[in-house]
Structure formats: structure tokens, C-alpha cells
Amino acid sequence: MLQSLSDNLDMADKLVRIFYHESEDGTWKFSDEGRYIGRYFESGGSPGELLRVLGDHIEKRLNTDTMAAFNPNSVPNNQRYKLIFYVPRPSLEAVKSGVFAAGAGTYPGGKYTSCSFETNGVGQFLPDAERGANPTIGKLQDDGSIQYRLEKVEEVKCEVLCIGRSCLEKAVEALKRTHPQG
């Protein structure tokens, strides 16, 4: 309940800032949008049409994450990102927890959270010691050289939805922090 109240107060603050702005002398004044509303009603405009216009305007001004809470279909396709990463199975839950805590994996509108799609597979890589590779998993060749062997590891491909660029950026940071390869 407290989180919901906090979210609502934050939303109200954003809405107020669309119609009013703080001037250089510290007083609050109508924004261009606020003056528009006054002129609209003075000219006999209907409340229904005003709400439609305001909804369109607010959708453009508020961030994508906030709009998704109002209407999941309002999130444009260019604000829906899919974060795809590969991780060894033993580390999967820890990495997903970090990514989910950053807001990823939440369906627009918030009715579903911690959503992902996982596929099991085998990944391979060849670390290059001369270029500074320091693999978490990887062994040197048996011939005594400082070259690594080709590694094959059972991994999970995990796909997670991110709504809005800020969510994507936070999720990538969480992925870097929690993934065993960092």
C-alpha cells in the first residue's frame, strides 16, 4: 500500500509539472499546456475531447514506464527491448534475481513480473591469454603452454523483456554485476 501511495504521489507530481512550471523567481506559473486548457474551456470545448487530447499529450511527456502502468498497449514497440544473455545454469537464478530487481521481466501494466524465457544449450569459447582473458571456467592446454583449451559449457539462454530504455540500462548494469563473467 505504501509503495502504491508513493507511486501515486510521484505520478501526481509529474502531472502537475506538465501543466505548471516553477519560474526563476520560485513561483509556480501555468505552462503553455495549462494556458491551453483555460482557453479550451473558454471557447466551449468538451471535457471528453479535452481528456482525449490530454491523454495523448501526457503519453508523450511521461516516461514509458509510467505510461505502461496506465495502459500496457500504450508502450510503443520502439520502447520494448529484449535482453538476451547466456549464463551457466548454477548462476542462472542469481543473475535473474538481479535483472528482475532492476525492473526487467515485468509485463506492461505490472500484472506479471519475473517473466523470462529460458533455453538450455551448450556454449563454447576459447579464452586468449595473450589478450588478458581470465575465464571463470577454462583450463590451460596440457602441453605446458599458456594457451587455453576450447571450452564447452552447458548454459542457459535467458530472454527478458525490458520496458523503456531506462529499464534496459538498469538491467544491463545488474547483469554485469551478477553474471559470473562480470
Side-chain angles (χ1 to χ4, degrees), residues 1-14 55 58-182:
M1 179 73 173
L2 207 50
Q3 178 65 34
S4 177
L5 176 61
S6 172
D7 288 346
N8 288 337
L9 290 174
D10 184 50
M11 176 71 63
D13 182 59
K14 288 178 181 179
I58 289 169
E59 186 170 347
K60 291 174 187 167
R61 293 283 301 267
L62 292 178
N63 67 40
T64 303
D65 299 334
T66 304
M67 286 313 301
F70 285 131
N71 178 3
N73 297 325
S74 69
V75 180
N77 287 337
N78 67 355
Q79 290 297 310
R80 295 175 187 235
Y81 299 92
K82 186 188 295 185
L83 176 62
I84 301 172
F85 58 91
Y86 300 84
V87 62
R89 176 151 299 281
S91 302
L92 176 64
E93 294 306 315
V95 174
K96 283 194 314 185
S97 291
V99 170
F100 292 153
T106 299
Y107 187 79
K111 291 182 181 178
Y112 300 93
T113 61
S114 301
C115 301
S116 65
F117 185 81
E118 301 163 15
T119 309
N120 294 316
V122 176
Q124 76 172 39
F125 57 93
L126 178 61
D128 189 336
E130 292 177 9
R131 294 188 179 180
N134 185 16
T136 302
I137 301 170
K139 296 182 181 171
L140 294 173
Q141 296 210 21
D142 293 331
D143 63 6
S145 70
I146 61 164
Q147 297 302 316
Y148 287 96
R149 293 188 287 191
L150 180 67
E151 294 292 334
K152 294 189 178 189
V153 180
E154 287 189 26
E155 293 183 309
V156 178
K157 175 184 179 183
C158 186
E159 302 177 41
V160 180
L161 176 67
C162 297
I163 300 297
R165 184 144 185 98
S166 66
C167 176
L168 175 65
E169 290 169 355
K170 290 175 189 173
V172 168
E173 287 303 313
L175 176 61
K176 290 177 181 178
R177 275 193 320 273
T178 57
H179 195 281
Q181 294 299 311

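Just so you know, these numbers come straight off a predicted model, no measurement behind them.
- In terms of modelled atom types and a separation under 3.5 Å, the side chain of His179 and the main chain of Tyr86 share a donor-acceptor contact.
- Looking only at side-chain heavy atoms (C-beta outward), Lys96 and Val87 stay at 4.5 Å or farther from each other.
- The CG atom of Asn120 sits 10.5 Å away from the CD atom of Glu155 when rounded to the nearest 0.5 Å.
- A distance of 10.5 Å separates CG of Leu175 from CG of Leu168, quoted to the nearest 0.5 Å.
- A heavy-atom distance below 4.5 Å is found between the side chains of Arg80 and Ile163.
- Between Ala174 and Gly98, the closest heavy-atom pair is CB-O, 3.3 Å.
- Between Ala104 and Val160, the shortest heavy-atom distance links the atoms CB-CG1, 3.6 Å.
- When every heavy atom of Arg165 is checked against every heavy atom of Gln79, the shortest pair comes out as N-OE1, 3.5 Å.
- Residue-environment remark: CD (Glu154) stays at or below the threshold of 12 foreign heavy atoms within 6.0 Å.
- Between the NZ atom in Lys157 and the CZ atom in Phe85 there is a gap of 12.0 Å [rounded to 0.5 Å].
- Cys167 places none of its side-chain heavy atoms less than 4.5 Å from the side chain of Tyr81.
- Electrostatic pairing of Arg177 and Glu173 does not count as a salt bridge here, judged by no charged N lying under 4.0 Å from a carboxylate O.
- Remark: Tyr112 OH to Leu161 CG distance equals 14.0 Å, nearest 0.5 Å.
- Rounding to the nearest 0.5 Å places NZ of Lys82 at 12.0 Å from OG of Ser116.
- To the nearest 0.5 Å, atoms CD (Glu169) and CG (Leu83) are separated by 12.0 Å.
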